[in-house]
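Structure, as structure tokens:
Proteins come first, then strands; the chains are lettered A, B, ... in the order of their sequence lines, and each starts at number 1.
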There are 2 protein chains.
Amino acid sequence: MTTTIKDVAARAGLSVMTVSRVLNGERHVSDQARDKVQEAIEALGYRRNVFARGLPGSRSFLIAMLIPEIIPDYVAEFQQGAVEQCRSAGYHLVVQPFDSRTGMAAQAVAAAVASLRPDGFLLIPPVSDDLAVLDTLDEAGVPYARLAPSVQPQRGASVAVDEVEAARAMTSALFELGHRRIGFIGGPPDHGASAWRLEGYRRALAECGLAADPQLIAPGDFLFATGEAGAEALLGLAEPPTAIFAGNDDMALGVMATAQRLGLSVPGDVSVAGFDGGEISTLTWPQLTTVRQPVQAMAAAAADAVIGMVDAGTMQGPARRLDFTLLLRASTAQAA
Amino acid sequence: MTTTIKDVAARAGLSVMTVSRVLNGERHVSDQARDKVQEAIEALGYRRNVFARGLPGSRSFLIAMLIPEIIPDYVAEFQQGAVEQCRSAGYHLVVQPFDSRTGMAAQAVAAAVASLRPDGFLLIPPVSDDLAVLDTLDEAGVPYARLAPSVQPQRGASVAVDEVEAARAMTSALFELGHRRIGFIGGPPDHGASAWRLEGYRRALAECGLAADPQLIAPGDFLFATGEAGAEALLGLAEPPTAIFAGNDDMALGVMATAQRLGLSVPGDVSVAGFDGGEISTLTWPQLTTVRQPVQAMAAAAADAVIGMVDAGTMQGPARRLDFTLLLRASTAQAA
DNA sequence: TGAGTGATTGACAACGTTATCAGTGAAGCT
DNA sequence: AGCTTCACTGATAACGTTGTCAATCACTCA
């Protein structure tokens with residue numbers, strides 16, 4: 001037998017409606033009634049039933065988040081920030097799996113919306129750039145917050161760091177360490193981040209008066225293996241780079257592994273820098289120089305934005321930009 | 001305007017109850033009626049509303065999972081397996097944050113049960129050994145599956161690998177590589193895994209006829225930093241070990257980092273082995289020798305077990321034991 | 001042929017909450 | 001005093017689904 005509003009109302013000697021009003025913090029409730037209800041709630045250990053709450057159609061108090069079949073580090077960190085923010089606002093986070101290989105994210109979203117009626121959606125790359133998903137949510141009237149959107153960034157709410165500037169700053173920092181041949185390993189084309197980071201790299205080279213040698217740019221897909229491959233290509237050049245800036249941390253680890261396998265010292269023979277600043281970047285020796293994105297804070301901001309949109313009944317949310325941090329650690333050093 | 005069972009019933013020319021029966025795959029529905037309903041569902045793009053479904057008290061089709069404020073690698077992997085299994089069984093996974101430092105897991109569980117009415121709970125260490133949590137769930141009649149339980153393992157369903165045997169096998173493998181002084185770094189006391197892995201290590205030493213030198217056992221807490229500290233202690237001994245078996249992968253990475261910092265080669269001067277076999281163990285050079293636990297499969301088994309208990313209406317579930325794999329990789333080598 | 005059986009179907013109530021609307025006083029205004 | 005306004009409260013009807021029970025129909029069996 002679970003306790004319901006009725007039980008609380010009976011104990012407080014009031015109607016269920018008054019109890020409901022207290023629970024929702026509405027006006028037009030006397031302090032006396034409020035106190036009685038509070039007492040009854042505490043005494044009975046009452047908790048609202050989410051189902052009954054969402055049934056009348058107004059709200060479900062559920063925020064949904066799509067997660068890919070492989071959870072990268074930053075997704076876990078994002079989820080952590082999101083779930084905490086949801087909890088403190090009285091919402092629950094439901095994770096929805098989807099197969100990123102099929103590219104049917106919009107269908108997964110539609111299914112989730114229809115069966116779960118979430119009040120809001122949290123979108124992380126590359127789904128945050130999937131226009132079919134945005135259309136689906138717009139049509140359903142479900143507000144959403146996007147992490148690092150690169151196409152039509154004005155739609156919904158968004159949270160991002162200035163990745164172009166971050167990549168520029170990192171490249172520039174390598175220049176200031178004396179590096180004149182700086183390699184770059186890019187990301188997959190469906191991530192807006194790939195283009196931003198490359199652009200920042202290019203911009204820095206131009207600023208520093210370095211020629212943009214296309215040989216120094218290797219393709220990648222944000223996975224360890226392509227970091228290894230990229231490093232092999234770059235370090236095998238007739239005139240190899242003295243520093244390699246990988247588009248993310250996983251690839252940077254691949255670069256470090258390859259360098260060490262080739263008998264090169266990091267940072268003695270080659271400096272290595274990454275991007276993201278997840279926990280993994282601290283679990284190596286030498287510790288990885290990287291750009292830290294405050295993923296958890298970004299997630300909290302995203303959840304906050306989407307909940308605000310629910311309250312306001314709008315599909316348009318703020319575009320927040322958080323600060324990145326350059327973490328210059330032991331994997332980079334003065335050029336020889 | 002969302003489509004409801006009513007709409008489907010109207011289009012099919014049947015009652016809502018018949019539609020409900022079709023949706024739930026019940027008997028006593030004619031093939032003709034079934035077809036008409038199916039057609040109407042497809043045509044209208046109808047999806048069941050989870051809230052209305054859970055409201056009558058039968059089921060919520062929600063499985064809850066408690067996650068700590070820091071998500072280790074294996075938790076993300078577990079979640080991945082769980083969410084996928086839930087989806088294919090028509091359930092949704094709700095993640096519930098809790099502050100592991102306060103030790104109030106039982107309260108978080110009680111709150112989740114009251115407001116969410118989940119059909120089942122998934123418990124990961126160390127919460128899977130929290131008896132207050134089990135009591136709470138027993139009292140609420142919510143079935144649960146436990147990952148690697150060490151106390152009162154018969155309660156609820158459980159999924160585990162034989163960690164004692166795994167640790168014994170790994171230690172034994174190091175012995176067979178010629179190592180005679182094998183160090184061990186333990187885990188936190190509130191993880192049953194800590195005791196199991198130490199026990200396996202001890203058992204192997206006894207089997208191989210090696211003396212159990214207490215100096216060779218360093219304390220740890222499954223974090224990178226204590227791997228570093230443990231390695232420092234062990235490698236600083238007058239007679240240092242030629243191999244170090246860390247209680248998990250994070251600490252093993254700490255050992256590798258420390259060895260490299262001290263100018264020792266891995267595996268040339270010291271072999272390093274870990275435990276867990278998460279993705280991280282492949283992102284280093286040399287790649288880490290470790291025990292792989294099939295965490296994702298374990299999660300699927302756990303979700304499967306708990307859903308089976310929901311169907312059967314029982315609080316008692318199967319105790320499944322999955323196979324581990326010894327991954328002998330480049331961080332271990334023949335003793336000098 | 002009449003009773004019994006089993007399959008199929010539908011009407012109606014219930015689940016716990018919130019939305020809507022209609023009260024009840026008390027206070028403020030003319 | 002009579003009128004309006006405002007703060008507070010409660011009765012009742014939803015919300016979309018499933019559980020319960022009764023009704024219908026086609027058979028089978030004696």
Report the residues that fulfil side-chain hydrogen bond (donor to acceptor under 3.5 Å, both in side chains) with [X], sequence neighbours left out, ordered by chain and then residue number.
{"X": "Asp135(B)", "value": "Arg155(B)"}
{"X": "Gln80(B)", "value": "none"}
{"X": "Arg21(A)", "value": "none"}
{"X": "Gln296(B)", "value": "none"}

Looking at residues at least two apart in the chain, or sitting in another chain, which of them share a ring-ring contact (aromatic ring centres under 6.0 Å, His included) with [X]?
{"X": "Phe51(A)", "result": "Phe51(B)"}
{"X": "His191(B)", "result": "Phe222(B)"}
{"X": "Tyr91(A)", "result": "Phe61(A)"}

Can you give me every donor-acceptor pair (side chain of residues 5-14 of chain B, partner residue at least two apart or in another chain, under 3.5 Å) with its distance?
unit_1	atom_1	unit_2	atom_2	d
Asp7(B)	OD2	Thr4(B)	N	2.8
Arg11(B)	NH2	Glu39(B)	OE2	3.1

Checklist outcome for this item: Which of dT18(D), dT17(C), dG16(D) is nearest the side chain of Arg53(A)? It is dT17(C)
Next on the checklist: With the threshold set at under 4.0 Å for non-hydrogen atoms, list the residues of residues 37-49 of chain B touching DNA chain C in residue-number order.
Outcome noted: none
Checklist entry - Can you list every pair that meets side chain to side chain donor-acceptor pair (under 3.5 Å) and has a residue in residues 305-318 of chain B, with sequence neighbours left out? => result Arg59(B)-Asp311(B)
Checklist entry - For Leu55(A) and dA14(C), what is the distance between atoms CG and C1' respectively, to the nearest whole Å? => result 12 Å
Checklist entry - Which of residues 11-36 of chain B have a heavy atom under 4.0 Å from DNA chain D? => result Met17(B), Ser20(B), Asn24(B)
Next on the checklist: Atom CD of residue position Glu139(B) - does it have more than 12 heavy atoms of other residues, nucleotides or ligands inside 6.0 Å?
Outcome noted: no
Checklist entry - At what angle, to 10 degrees, do the two end axes of the helix from dT1(C)-dA30(D) to dT30(C)-dA1(D) meet, given five pairs define each axis? => result 40°
